[in-house]
Amino acid sequence: MGIFGRKRRQPAGGDEAGAGVDSGDEPVTAAGADEAEDVESDSPADRVDGASGPYDEADAPDDGLPRMDLGSVRVPVPDGSQVQVEMDQQGGNVRAVHIVVPQGQVTVSAYAAPRSGGQWRSVSDELAEQLRGDGAKVSLGRGEWGMELSAVIGEMALRFVGVDGPRWMLRGVIAGPQTQAAEAPEVLRDIVRGTIVARGDAPMPVRTPLPVRLPEQVAEHIAAQQSGQG
């Protein structure tokens, strides 16, 4: 069903504020998915006209697009890509799920946010500052949903996008070689555009990552691999 193994950690900012690329201590590769500038505020009302998704679960379209159900997010996975799962080895929990495409590694994460929106703007400001502190060259621009952030660290190029939804914020990032930097942003936007967020009604502090639940088949692959390594 796919390739298993380990991957290197990706350099990026921390994720405690819902900002940087999620990176665990012991990432594990899951099954392949062959099927399946200065800007203004980024509030929901400030989205560029014509933007489609990402969608709140209540407004999710019946479009037949295959998506990987991770509980809080349902993410489209391009043909020929692979899925990698990062596990917290101390707690045994899932830290992040990545989609590996030819242009790089895509990570889509959802966070609790205030009803008033605007969380992505503050998060992106903090992320830009953190990346600059790490020596990255950072630039800001305006994209489909408002603020987009680009960063170059060594030979790696990163592009971040964020969307403020109803009581949630969705953040997407693609990290890959600079040689793929021209194509990477649109690959990221396509995945974010098709994502569905299931926030739920439970109260939670803003910036809290929405819980990730692995599909049963992927969870079984991970469990079998960890048992073999033990």
Side-chain angles (χ1 to χ4, degrees), residues 2 7 10 12 15 18-23 27 29-36 42 44 47-48 50-57 59-86 94-111 120 123-124 127 141-151 156-165 168-177 180-199 209-210 212-215 218:
K7 68 181 185 64
Q10 299 290 344
D15 62 347
V21 179
D22 296 309
S23 55
T29 304
D34 293 331
E35 298 176 2
D42 294 317
R47 294 188 192 179
V48 177
S52 51
Y55 305 94
D56 186 75
E57 183 180 32
D59 303 317
D62 185 13
D63 56 10
L65 181 65
R67 294 176 171 89
M68 177 173 54
D69 189 348
L70 298 174
S72 57
V73 291
R74 298 197 285 274
V75 184
V77 180
D79 290 341
S81 61
Q82 293 182 350
V83 175
Q84 292 181 332
V85 180
E86 289 196 9
V94 178
R95 287 185 59 108
V97 177
H98 310 290
I99 301 170
V100 181
V101 296
Q103 294 78 16
Q105 174 184 286
V106 177
T107 310
V108 177
S109 307
Y111 301 83
W120 170 240
V123 167
S124 59
L127 174 58
R142 189 169 184 78
E144 185 169 340
W145 301 281
M147 170 83 76
E148 291 192 3
L149 187 152
S150 300
M156 178 174 291
L158 301 98
R159 176 66 66 99
F160 296 82
V161 301
V163 184
D164 289 302
W168 51 259
M169 183 202 80
L170 189 70
R171 185 208 66 201
V173 57
I174 185 167
Q180 297 293 327
E183 299 178 9
E186 191 54 40
V187 173
L188 171 63
R189 295 185 194 110
D190 282 345
I191 293 175
V192 169
R193 196 180 294 123
T195 297
I196 297 169
V197 180
R199 161 67 172 80
L210 300 188
V212 173
R213 182 187 69 245
L214 294 178
V218 175

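On a predicted model such as this, the values are computed, not experimentally measured, just so you know.
Considering CG of L214 and CE of M68, their distance stands at 8.5 Å, rounded to 0.5 Å. Distance check: Q103 CD to E183 CD gives 5.5 Å after rounding to the nearest 0.5 Å. Atoms CD1 and OG, on I174 and S150 in that order, are 11.5 Å from each other to the nearest 0.5 Å. Atom CG of residue L127 and atom CZ of residue R171 lie 8.0 Å apart, to the nearest 0.5 angstrom. Considering CE of M169 and OG of S124, their distance stands at 9.0 Å, rounded to 0.5 Å. Taken from CG in L210 to CG in L70, the straight-line distance is 11.5 Å, to the nearest 0.5 Å.
Proximity of L170 to V73: side-chain heavy atoms (C-beta onward) are separated by under 4.5 Å at one or more points. Side-chain contact check for V106 versus V108: some heavy-atom pair is nearer than 4.5 Å. Between W168 and D56 the shortest side-chain heavy-atom distance falls below 4.5 Å. Annotation: side chain of I99 is in contact with side chain of P78 (closest heavy-atom distance under 4.5 Å).
Checking side-chain atoms of R67 against main-chain N and O of G194 turns up a donor-acceptor pair under 3.5 Å. Panel note: side chain W120, backbone M147; a donor-acceptor pair is recorded below 3.5 Å. W145 places no side-chain N or O within 3.5 Å of a backbone atom of D164 that could act as its donor or acceptor partner. A donor-acceptor pair under 3.5 Å is absent between the side-chain atoms of S81 and the main chain of V77, judged by distance alone.
Residue pairs meeting the salt bridge (charged side-chain N to carboxylate O under 4.0 Å, His left out) criterion with at least one partner in residues 68-77, sequence neighbours excluded, are E57-R74, D69-R213.
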Is there a salt bridge (charged side-chain N to carboxylate O under 4.0 Å, His left out) between R159 and E148 once you walk through the steps?
CA-CA 7 Å; R159 176 66 66 99; E148 291 192 3; 2.7 Å; yes
Between V218 and V85, is the side-chain contact (heavy atoms from CB on, under 4.5 Å) condition met? List the steps.
CA-CA 9 Å; V218 175; V85 180; 4.0 Å; yes
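Checking Q84, Q82, E86 one by one against H98, the side chain to side chain donor-acceptor pair (under 3.5 Å) holds for a single residue, E86.
Here E144 pairs with R193 in a salt bridge; the nearest charged N to carboxylate O distance falls below 4.0 Å.
Pairing each heavy atom of V192 with each of G172, the nearest pair is CG2-CA, 4.2 Å.
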